[in-house]
Each structure stands twice: as structure tokens, then as C-alpha cells.
Peer 1: 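Encoded as C-alpha cells, here's the structure I'll be asking about.
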Amino acid sequence: MIRKTQVPMREQDPRERIHNFQEVPYGYTPEEAIQEAKRCLQCKNAPCIGGCPVEIDIPRFIAHLAEGDFRGAIRVIKESNNLPAICGRVCPQETQCEGVCTLGKKFEPVAIGRLERFVADWERERGVELPPVGEPTGFRVAVVGSGPAGLACAVDLRRFGHAVTMFEALHEPGGVLMYGIPEFRLPKDIVRAEIATLQEMGVELVTNAVVGKTFTVDELLADGYQAVFVGTGAGLPRFLGVPGESLIGVYSANEFLTRVNLMRAYRFPEYDTPIRVGRRVAVVGGGNVAMDAARTALRLGAEEVLVLYRRTEAEMPARREEIRHAREEGVVFHFLVSPVRFLGERGELAGVECIRMELGAPDESGRRRPVPIEGSEFVITIETAVIAIGNQPHPLVPRTTPGLSVTRWGTIQADEEGATSREGVFAGGDIVTGAATVISAMGAGKKAARAIDRYLRERVASRA
Amino acid sequence: MYTILEKRRLAHGIQEYTVEAPLVARAAKAGQFVVIRLHQRGERIPITLADWDPDRGTITLVVQAVGKTTVELEECFQEGDALADVVGPLGEPSEIEDYGRVVCVAGGVGIAPIHPVARALKEAGNEVICIAGARNQGLLFWLDRLSQVCHELIVTTDDGSYGRKGLVTEPLKELVGAGRVDRVWAIGPAVMMKFCSLVCQEAGVPIIVSLNPIMVDGTGMCGACRVEVDGQVRFGCVDGPEFPGDKVNWDLLIARLSAFKEEERCALERYRELLKEATA
Ligand SMILES: Cc1cc2nc3c(=O)[nH]c(=O)nc-3n(C[C@H](O)[C@H](O)[C@H](O)COP(=O)(O)OP(=O)(O)OC[C@H]3O[C@@H](n4cnc5c(N)ncnc54)[C@H](O)[C@@H]3O)c2cc1C
Ligand SMILES: Cc1cc2nc3c(=O)[nH]c(=O)nc-3n(C[C@H](O)[C@H](O)[C@H](O)COP(=O)(O)OP(=O)(O)OC[C@H]3O[C@@H](n4cnc5c(N)ncnc54)[C@H](O)[C@@H]3O)c2cc1C
Ligand code: SF4
Ligand code: FES
């Protein structure tokens, strides 16, 4: 008989965890992992593989796991995914592999994400097997941006034997994994371990290099790099554009999370960067970013955290687990409301005026469009607000790279494999798709690495 | 990396640092800044490029000690020490053209950042008049360097201990009032730039100011540096730092500069206590 439900994963008690930044779930024990792995039906058609953006051979890794062969399991995963410890924690499994799992039709799907996380953690504790580095080809590739797209691209380029230099604007590599996603969801040691692996494979890392400012893509191409991969992400914060948004106490989610994660403001004054959080905090938005900001605010000492979302729970783009965790921790959700202005006293935020919304006809995204209900305005007293309504592509590289085509949304125009309008310049991740997911960025980085490899061997080599 | 090659005291609480940063030195233009971090626990703070030498691979920063980070830099970082991070050049360069007759106004530590702007304006063919002001003589520096990059230098001190007694706005008012000033640049404390802007606005002379909002990344990804210019929200680090002074919402800028007053005080106090313990 198969278990109908997933083997539960133990977690920190919500009452405790809102006072610390340690990771919430503890992960499976080997016994729990094997027990969960045994739920897999080993389907012939394996719909889960199709549900995975990088097509991990899921039943095969689970089969190794079920037999207690953890090394075998991690090898299967790493054939298609270089960052399993990260993906196991942050992928929206419910809309990917687990969403199409056969078992899920009648019972709970196999907890694929938790199993992936388990084997990746198992490997990290025992020493990571370095992916083999290819014979030196003599080609040099510049990778711009060190988020999941850049990381994945760099690893594969090394596998193909190319020399790789990765340029990062910030003082620490990792992109959103480092500055956006909080410690309690993705411990930074995991990200650092991935970066260390990359360096052991021979990737040269240059931080504090803002491409487009410190030097341009064209300068890199003139400087001996035969190809450039652009993975600069969608790091530009969007604001609501309502009055009062520049009052002290209103943050973009990026500022709020960057102060806390990258700059460790949660350890101020031991660390120098400050953050201020009032007793009552409103977070505007309904995605992972909003959940991260809300749960971070609680941990910084806010007594009450409200999430203001203009649609309903069903439309929330956040991972289900994040919503559940936020609720358990006491975050209060207000659906069908939207801020119309922020109110201040002596330059500081004191409240927010909202309007109630109702769902109208579906929009381009297929979700029903929220429309304001006239006359339904009301005021909430708050001392801090965090705007988490999405990020835009970073314009710096497109703006400083003549001939690089962009779409009307400011994303770089690239084909399936990352080739752009400029020869030798490839792009992938959020800078191409707009804000998306870690795994899709990673997948794009991998595809681009293959295309770059082909480009170097065919085009550039034949020229020489 | 980022080694301090030379450190020189310029005035009370103001130090000049020559720092190794070849990539920045190669790309630097007048009006741009860098973001620096002292050490692994440090915060990121913006400092304007006061000078640079691409051949030597160095940049010159002039920093006034006003709080935890800048005080620690002054007290704990000596020649031979290295900063953890220097990133740049950031921000849009000054729009340098031959405007005709330009007045460059510097208040306090603003003398350092106005220096490359004046130099570039002079090289572009402008007649450049500099006005440099400080509270007293002890806070003035680089007057020799400034006089080399302009045609005329006017110095003011609040207490009259050097040069003309009074504020920089007085000679500015006379110059723009007499006509024949095509453009004004002002760099200094927000209040000083605000009053320079008012003077120019009245006289109908365009004025460019270099805004100094609180920043985190300095690359456009956080919005901490948002300012209001001509009714629009702009990011100081990527859209600026230079903006037309007559269009700036000064009250908002000044208010936002005090966003972390309490924390800044606490950080400085803690630093002083730790330092006392360490040296006791
Ligand atoms: C708070 C938050 C939570 C999220 N939670 C999840 C989640 O749970 N699950 C999920 O799948 N996705 C999540 N996402 C989305 C996911 O993180 C992104 O889709 C993904 O990181 C995109 O990867 P990327 O490599 O394209 O870009 P990024 O991760 O944004 O990395 C881009 C890097 O390029 C650098 N850069 C930018 N411009 C330059 C330049 N000019 N020169 C040099 N370097 C430059 C940036 O500093 C950055 O380090 C979240 C996003 C945020 C912000
Ligand atoms: C574009 C730009 C160029 C600048 N150039 C120079 C320069 O050439 N020389 C110089 O001495 N100073 C310069 N400054 C100001 C300098 O960045 C601040 O004095 C410094 O950050 C103060 O840090 P602190 O920890 O020593 O003091 P704190 O006690 O933290 O702050 C003192 C005051 O400085 C401001 N400030 C604090 N943190 C920041 C921050 N992260 N970013 C910006 N401002 C902040 C606040 O108004 C605060 O009240 C510049 C600022 C900007 C925005
Ligand atoms: S769909 Fe579910 S049950 Fe079937 S192979 Fe994949 S994980 Fe196993
Ligand atoms: S300092 Fe972060 S956007 Fe300007």
C-alpha cells in the first residue's frame, strides 16, 4: 500500500522561528527520504520529467534514493541541474514536477522538491564531486551577472573547456539568491558553497564590476573574450506611483531585502547597514517577494504584518509553501485591496489609504483583472510599507551595448538558445524573460552555454 | 586590491585618500562617484571621484568624517591598508559642453567633487569662476588645485577667517545678477545647493546640482536614493547624481537624509565604545 500523504518534513515552530533567521524546514532524515522515495510509482511516461524546466530524470534519481544510493541519486540530478540544493528549496514544485505527478491525481504527489533537497544536502555534507572540466579550448567567455543564469552558464562553459570570467556588479556573487531570498528560506552558506565549487572548477570571479559602467560589453569583446553571456536579471524595483511613496518608512522590497540579506542589517549594529521597521508593517504584493518581505519584517520585530494584495488568494503567484509559512507565522492577508496613497506625519509614514477591488474580466495573463470599487476607500495605520509589486529588467547593459535589440518591456531579445541580435553576445534568465524563476534562469544559462560552445567551435574557430 | 597608497589630512575631519582602483580610474568621468565598503561588515557608502589617474591606476577620494563609516575610515585606515570594495564609476557623468561662462560653487567638502567638473568645463573652453565656501579657514582645502582649474576663484568663510565673510550664495547672487553667466554648478550640503538653486532660479540661470541621497547599491536596484525632480521620482544613483537644481524637491531630499538618524547615532556611539575598550 502506498502512503496517501507525503512524509511530513519537520520545521521550526512558528512561535520560535519568527525570532530568528534560521532556516524553517529541517529537511528529511535518510529514513524519511527513503520512505518518501518509495511512494514514487516509477511511471513509464513520467510526466514529472516534462514538468521540470530542466528535465531532470526524476524517476531515475528517486529510484536510486529509494535504494539508499544517495550518490547515485545526486549524479542523476546533476546531469541536468547544477544547483539542486537551491532548487529543492525555492522551485515552485506545485506548478512544475509535482503539479503533474501521477500520484497527485488521487493522493498527494511525491515530494520531489524535498527529495531533491535531501540528496543535495547529503552531498554537500560529504563533499561535492566537482563536475569534470573539459580540455582547454583556448576560448575565453565573459559571463555578466552571477545569478542562477550566470552560474549555470559558467559551470557548463567550464565543462566544455572554455576559460570563463564572471563579472558581478555587487560585492558578493549570487544575484537574487544572495540579496533577495532570505536566509530563513535559503541559507547563504549554500549559495556560497555553489560559488566555491564554481571557483574550484576554474571560473574566475570579478566582483565590483558594473558592466556598462566599469567597462562595456564591447570592451570585453575587444579585450580577448570571444563571447559574452548577459545574465543581469530583473533587478529594477517597481513602485506604485501613488502619492506619498517617498515618505520615510516606505521601502521597495529590493531595498528592504538587500539591506537585510546582502548587508545583514538584521545584525545591526554588529554590521553597519541599518534598517528600520515599525510596529505595524504593510507589504504590498502577492508573490514570493512579498512573502519574503512580510516574513522578514516579522523577524525584525514588527508586531503586526499585513499583506495587501489586489486580487484573491487563488491568484497569488507565491509558492504555496511560502503562503502557508507566512500564515503560520501570523502574517495577516488582506485581499482585493490596493493602496491609493501613503499618508505621512512630519515626513514619516503614518498610514496608507486603500481602495477595495473586485475581480472583473480576465486580462492578458488569463487572471481576472482587479477593478477598484468607487467610494470604498479606507485608511490603515502603519509605520512601515514594503512595495513588492515586481521588478523590471536592468537597462544598463542594453543601453550601453549598441545593436543589442530589446523588446518593448526592456528585456533583451534572444532566441530559444540565448542568441541575441549581436554576434557573440548571448543572454538568458530574467533579463530575457522578465522576472521569472530560479530554475528557468538556470535552464536558460545552460542552453546558452551549449549555444556559445557551438558558436565558438564553428564560427570563431573557422575564422582563425 | 583597493589599497590606500596615500592618505593626507586636508582640514579638520577631512582626509584625502589615493586608492588603487585601476578599472575605475580608466573609466572615470567628471561628476561620477564610487561606492566603497570598508570591510566585510561595512555598509556601502557613495563618495564622489575627486580625481583619478588612469596611468597610475589610482583614484582620489576626499572624505569628511561625519558618522560611523567615515569616522572609522579616518581613524582606522592608514596608508597600506585596503578597502574591502570600491565599485564604479557610477552615475551619469556631468554634461560638459562649451556653455560660455560658468560658475562652479562648492560648499565644504564639495570643493573636492567640484574640482573635476571645473577642470572639464575649463578644458571644454568655458570661462570658469569658482566659489568655494566653508564655515572657517580650518575647513578649507585644495584652493591651489581649484585655482588651477578655473579663471577666477572666490573664497568665502562664514566667520570671515579667510576670504570674504559670508555665504557662497552672496558672490553667486552678484555674479548671476550682473548677467553674463550661462550656467551654474553647485555641490555641497543640501541646504546650500537649495539656496544656490533659488538664487539662480530668480536670475533665470540654469543650475546643475549633485544630489547626495542615501544609497545602498548605487546601481539602480533598490530605490533608496529616490529623489523628486520636476514632479517625477528619479533614482539619484543612475539618473543622477546631477539634476537641474531648480526642479529638485529639496524638502523631500533633506527629510529623507534623516531616515536613519537614530541608527546612525547608535552606530557611532557603539563604535566609539568598542574603540575605547580596544585601546584601554
Ligand atoms: C525576493 C525574491 C524571492 C524570490 N523567490 C523565488 C522562489 O522562491 N523561487 C523561484 O524560482 N524564484 C524566485 N525568485 C525569482 C528568481 O530569484 C529569479 O527569477 C532569478 O534569480 C533570476 O536569475 P538571473 O540569473 O536571471 O538574475 P539575478 O538572480 O537577478 O542575477 C543577476 C545578477 O546580475 C548582476 N548584474 C546586474 N546588472 C549587472 C551589470 N551591469 N554588470 C554586472 N552585473 C550585473 C546583479 O547584481 C545580479 O547579481 C525570487 C525573486 C526575488 C527578488
Ligand atoms: C553621490 C554621492 C556622493 C558623495 N560624495 C561624497 C564625498 O565625495 N565626500 C564625502 O565626504 N561625502 C560624500 N557623500 C556623502 C557620504 O556618502 C556620507 O557622508 C556617508 O555615507 C556617511 O556615512 P557615515 O556612516 O560616516 O555616517 P552616517 O552617520 O551613517 O550618516 C551621516 C549622514 O550621511 C548620510 N548617509 C548615511 N548613509 C548614507 C549612505 N549609505 N549613502 C549616502 N548618504 C548616506 C545621511 O544623510 C546621514 O545623516 C556623497 C554622497 C552621495 C550620495
Ligand atoms: S510522476 Fe510522480 S509517481 Fe510518476 S515517476 Fe514522476 S514522481 Fe514518480
Ligand atoms: S542606491 Fe539603490 S537604486 Fe540608487
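Values in this document were obtained by computation on a predicted structure and should not be read as measured data. By convention in this document, chain letters (A, B, ...) are assigned in the order of the sequence lines, proteins followed by strands, and residues within each chain are numbered from 1.
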Peer 1: Quick one: does H171(A)'s side chain get under 4.5 Å of Q40(B)'s, heavy atoms only?
Peer 2: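 The answer is no; the side chains never approach within 4.5 Å.
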Peer 1: With no hydrogens and no angle check, is any side-chain donor or acceptor of E353(A) less than 3.5 Å from a backbone partner on V340(A)?
Peer 2: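 Pair absent, no side-chain N/O of E353(A) close to backbone of V340(A).
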Peer 1: Within a strict 4.5 Å, meaning less than it, do heavy atoms of the R276(A) and F260(B) side chains meet?
Peer 2: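 Heavy-atom side-chain distance check passes, below 4.5 Å.
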Peer 1: I would like to know whether E383(A) and R279(A) meet salt bridge (charged side-chain N to carboxylate O under 4.0 Å, His left out); could you show each step before the answer?
Peer 2: CA-CA 7 Å; E383(A) 288 155 329; R279(A) 280 186 311 247; 3.2 Å; yes
Peer 1: Between T70(B) and Q64(B), what is the shortest heavy-atom contact and its length?
Peer 2: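 Nearest pair, atom of T70(B) first, then Q64(B): CB-O, 3.4 Å.
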Peer 1: Heavy-atom distance under 4.5 Å to chain B: side chain of L396(A), backbone, both or neither?
Peer 2: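 Neither; nothing under 4.5 Å.
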Peer 1: Does H39(B) reach the side chain of E72(B), with side-chain heavy atoms less than 4.5 Å apart?
Peer 2: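 In contact.
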Peer 1: Do any of residues 269-277 of chain B have a heavy atom less than 4.5 Å from a heavy atom of chain A, and if so, which, in residue order?
Peer 2: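 Residues in range: R270(B).
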Peer 1: Select, from R41(B), E228(B), R26(B), the one with the greatest count of heavy-atom pairs under 4.5 Å involving chain A.
Peer 2: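 Of R41(B), E228(B), R26(B), R41(B) has the most heavy-atom pairs under 4.5 Å with chain A.
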Peer 1: What parts of residues 43-63 of chain B touch chain A if we use heavy atoms and a cut-off under 4.5 Å?
Peer 2: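 Within residues 43-63 of chain B, the residues under 4.5 Å from chain A are E43(B), R44(B).
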Peer 1: Shorter than 4.5 Å, heavy atoms on both sides: which option in A28(B), G91(B), S258(B) has the most such pairs with chain A?
Peer 2: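 Counting heavy-atom pairs under 4.5 Å, the top option is G91(B).
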Peer 1: Of the backbone (N, CA, C, O) and the side chain (C-beta and beyond), which part of L257(B) lies under 4.5 Å from a heavy atom of chain A, both, or neither?
Peer 2: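 Neither part; nothing is under 4.5 Å.
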Peer 1: Using a distance-only test with no angle check, is there a side-chain donor-acceptor pair under 3.5 angstrom linking D217(B) and Y179(A)?
Peer 2: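 Short answer, no.
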Peer 1: Compare all side-chain heavy atoms of P213(B) with those of L253(B) and state whether any distance is below 4.5 angstrom.
Peer 2: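 Side-chain contact under 4.5 Å: yes.
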Peer 1: Quick check: do P237(A) and F235(B) have side-chain heavy atoms less than 4.5 Å from each other?
Peer 2: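 Side chain of P237(A) against side chain of F235(B), heavy atoms only: contact under 4.5 Å found.
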Peer 1: Can you tell which of K68(B), E262(B), R37(B) has the highest number of heavy-atom pairs within less than 4.5 Å of chain A?
Peer 2: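 Result: the option with the highest number of such pairs is R37(B).
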Peer 1: Using non-hydrogen atoms only, which part of E92(B) is less than 4.5 Å away from chain A: side chain, backbone, both, or neither?
Peer 2: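 Both parts, heavy atoms under 4.5 Å.
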Peer 1: In the structure I gave you, are the side-chain heavy atoms of T296(A) and Y266(A) within less than 4.5 Å of one another anywhere?
Peer 2: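 No, their side chains stay 4.5 Å or more apart.
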Peer 1: For the rings on F215(A) and F167(A), is their centre-to-centre separation under 6.0 Å?
Peer 2: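 Yes, the ring centres sit under 6.0 Å apart.
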Peer 1: So which part of V86(B) gets closer than 4.5 Å to some heavy atom of chain A, the side chain, the backbone, both or neither?
Peer 2: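 Contact with chain A: backbone only.
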Peer 1: Is there a donor-acceptor pair under 3.5 Å between the side chain of E255(A) and the backbone N or O of V216(B)?
Peer 2: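 No, because the side chain of E255(A) does not come within donor-acceptor range (under 3.5 Å) of the backbone of V216(B).
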Peer 1: Below 4.5 Å, heavy-atom pairs only: which of C266(B), A84(B), A224(B) has the largest tally toward chain A?
Peer 2: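 Maximum pair count with chain A is reached by A224(B).
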Peer 1: Given that the side chain runs from C-beta out, which part of T69(B) has a heavy atom under 4.5 Å from chain A: side chain, backbone, both or neither?
Peer 2: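 The side chain, not the backbone.
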Peer 1: With salt bridge (charged side-chain N to carboxylate O under 4.0 Å, His left out) as the criterion, how do R264(A) and E172(A) come out once you've worked through the C-alpha distance, each side chain's angles and the decisive distance to 0.1 Å?
Peer 2: CA-CA 12 Å; R264(A) 319 274 197 285; E172(A) 252 195 289; 3.6 Å; yes
